[in-house]
Amino acid sequence: MHHMLFTPSTFLVAASLLPGSALAHWTYTNLIVEGEVIGEPYQYVRQSNTSNAPLQIVNSTDMRCNSGGSSGTALGTETLTVQAGAELGFKIAETFGHPGVQQVYISRVPEGVPAPDYDGSGDWAKIYAATYRLAANATAADPEPAIDPSNGIVWATAKTHSFRFLLPAELPAGEYLVRAEGLALHAAHKLDNAQFYVGCAQVLVESEGGAGVLEPLVQFPGAYDNTSPGVLIPDFWTKIRNYTTPGPALWPEGTDEQHVVKTLDGEVP
Ligand SMILES: *[C@@H]1O[C@H](CO)[C@@H](O)[C@H](O)[C@H]1NC(C)=O
Ligand SMILES: *[C@@H]1O[C@H](CO)[C@@H](O)[C@H](O)[C@H]1NC(C)=O
Ligand SMILES: *[C@@H]1O[C@H](CO)[C@@H](O)[C@H](O)[C@H]1NC(C)=O
Ligand SMILES: *[C@@H]1O[C@H](CO)[C@@H](O)[C@H](O)[C@H]1NC(C)=O
């Protein structure tokens with residue numbers, strides 16, 4: 001008879017392999033503005049038609065706004081007016097229960113198209129990335145991750161239910177899709193097994209003289225491929241000791257990745 005040693009990671013892996021298991025999955029339900037959860041679930045965030053199932057095919061058009069999220073019209077998704085420079089955020093119905101990162105992208109709705117009709121096929125800039133907590137001896141030049149001996153890199157949003165980020169003050173006025181992307185890495189050492197959780201909110205940005213030019217720009221699909229660093233990781237997640245997020249540099253130029261996450265409950269170091 002085998003003697004089995006159950007480590008915390010054994011349980012996580014076992015749970016993720018249960019048939020039909022949606023344990024540790026999540027969906028973005030609400031926008032947060034200046035620390036307040038806005039509206040009903042899915043009032044301003046397009047709801048997918050696959051519950052909280054993740055995406056794994058990075059070249060699918062579903063990577064834009066999730067399965068069933070190419071339009072907000074049939075879903076009745078509303079467009080929230082926000083100010084450039086405001087602090088926004090996303091709340092989920094569950095918990096960020098898998099190791100990995102959270103990123104936010106933004107795409108201008110084309111002229112003459114109502115926000116709910118925009119499918120996200122245009123250009124996107126990345127405005128936020130929450131990665132890992134920093135090691136005590138990390139420096140700006142060498143932002144080494146904090147390491148937990150049994151679980152490896154300590155992820156900044158682990159076990160939280162929300163994150164908050166700044167809408168850049170230089171964002172020009174207009175309608176936008178704001179795309180939350182969670183990237184879960186617990187199986188990402190296998191090709192096409194990184195899990196993407198995506199939700200698009202519709203916003204009308206009011207901006208006093210916001211004259212920024214969004215760049216660099218990417219499209220979905222196209223921004224990642226299935227072997228991009230950060231999508232395919234070189235070893236099992238508990239074993240990696242560094243991590244590079246996939247996708248373009250953050251906009252505005254000079255914006256840094258976040259290692260401390262502001263949630264609804266406060267700051268999580
Ligand atoms: C996406 O990539 C897979 C291989 O990973 C390929 O089979 C499929 O045809 C591609 N789809 C598109 C739309 O390019
Ligand atoms: C969900 O929406 C997609 C389009 O993104 C469609 O192809 C698919 O059939 C829909 N699935 C369900 C279960 O309604
Ligand atoms: C930080 O400490 C770890 C060991 O605890 C060491 O491996 C690493 O090289 C150190 N990093 C820096 C930037 O000093
Ligand atoms: C990052 O980790 C990989 C193994 O996971 C290792 O091969 C590589 O040397 C590391 N890179 C740096 C810059 O530490």
Side-chain angles (χ1 to χ4, degrees), residues 2-18 21-26 28 52-56 58 90 92 94-104 126 128-163 165 180-198 223-247 249-250 256-263 265-269:
H2 285 296
H3 177 76
M4 297 206 47
L5 180 65
F6 285 102
T7 64
S9 59
T10 315
F11 284 111
L12 279 179
V13 172
S16 70
L17 293 177
L18 291 174
S21 167
L23 280 177
H25 291 187
W26 61 85
Y28 303 90
N52 57 7
L55 304 166
Q56 294 187 194
V58 297
F90 281 99
I92 59 170
E94 307 87 349
T95 299
F96 295 124
H98 286 307
V101 297
Q102 298 289 327
Q103 304 199 87
V104 177
K126 184 160 82 177
Y128 177 80
T131 59
Y132 45 79
R133 295 194 207 167
L134 290 174
N137 64 352
T139 60
D142 189 359
E144 231 172 76
I147 303 293
D148 168 322
S150 47
N151 289 312
I153 292 176
V154 182
W155 301 99
T157 52
K159 307 283 188 268
T160 66
H161 318 272
S162 60
F163 61 85
F165 58 94
E181 177 195 279
L183 168 45
L185 299 171
H186 54 293
H189 59 295
K190 293 181 286 185
L191 194 65
D192 294 324
N193 274 268
Q195 295 186 346
F196 291 90
Y197 297 85
V198 171
Y224 312 151
D225 67 41
N226 60 0
T227 60
S228 296
V231 173
L232 182 64
I233 58 176
D235 205 344
F236 191 64
W237 66 277
T238 57
K239 296 184 177 156
I240 62 171
R241 294 291 178 265
N242 60 59
Y243 181 76
T244 305
T245 52
L250 288 157
D256 291 324
E257 292 187 348
Q258 300 297 305
H259 303 289
V260 173
V261 172
K262 200 167 175 189
T263 68
D265 305 320
E267 285 202 345
V268 180

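The figures here come from the full heavy-atom set of this structure, side chains too, leaving out hydrogens, waters and symmetry mates.
Atom OH of residue Y197 and atom CD of residue E181 lie 12.5 Å apart, to the nearest 0.5 angstrom. Between atom OG1 of residue T227 and atom CG of residue D192 there is a gap of 9.5 Å, rounded to the nearest 0.5 Å. Taking NZ of K239 as the reference point, atom CD1 of I233 lies at 11.0 Å (rounded to 0.5 Å). Distance CG/N242 to CG/D142: 10.0 Å, rounded to 0.5 Å. The distance from atom CD of Q102 to atom CG of L183, rounded to the nearest 0.5 Å, is 9.0 Å. Between N52 atom CG and E94 atom CD the span is 5.0 Å, to the nearest 0.5 Å.
Closest of all the heavy-atom pairs between G230 and L185 is O-CD2, 3.5 Å. In terms of heavy atoms, G182 sits closest to Y28 at N-OH, 3.0 Å. Nearest heavy atoms, V261 versus A130: CG2-CB, 3.8 Å. Nearest heavy-atom pair across D225 and V58 is C-CG2, 3.5 Å. Of all non-hydrogen atoms in K126 and Q103, the two that sit nearest each other are NZ-OE1, 2.5 Å. Closest non-hydrogen pair, W26 versus H98, comes out as CZ3-N, 4.0 Å.
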Practice problem: Would you check, one step at a time, whether the test side-chain contact (heavy atoms from CB on, under 4.5 Å) holds for N226 with Q56? | Solution: CA-CA 9 Å; N226 60 0; Q56 294 187 194; over 6 Å; no
Exercise. Would you check, one step at a time, whether the test side-chain contact (heavy atoms from CB on, under 4.5 Å) holds for Q195 with H25?
Key: CA-CA 9 Å; Q195 295 186 346; H25 291 187; 4.0 Å; yes
Quiz prompt | Candidate pair L191 and L232, rule side-chain contact (heavy atoms from CB on, under 4.5 Å), full reasoning | solution = CA-CA 6 Å; L191 194 65; L232 182 64; 4.2 Å; yes
Exercise. Please assess I153 against I147 for the test side-chain contact (heavy atoms from CB on, under 4.5 Å), listing each intermediate value before the final yes or no.
Key: CA-CA 5 Å; I153 292 176; I147 303 293; 3.9 Å; yes
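Taking the six-membered ring where the residue is Trp, Y128 and F163 present parallel rings, their angle staying beneath 30° rather than reaching 60°. Ring-plane geometry between H189 and F236 is classed as perpendicular, the angle between the planes exceeding 60 degrees on a 0 to 90 degree scale with a lower cut at 30.
Centroid-to-centroid, the aromatic rings of W155 and Y243 come within less than 6.0 Å. Ring centroid separation for the pair Y132 and H259 comes in under the 6.0 Å cut-off.
The backbone N or O of D265 lies less than 3.5 Å from a partner atom in the side chain of T263, making a donor-acceptor pair. Listed for the T157 side chain is no donor-acceptor partner under 3.5 Å among the backbone atoms of T160.
With hydrogens and angles left out, the side-chain atoms of S150 and D148 include a donor and acceptor closer than 3.5 Å.
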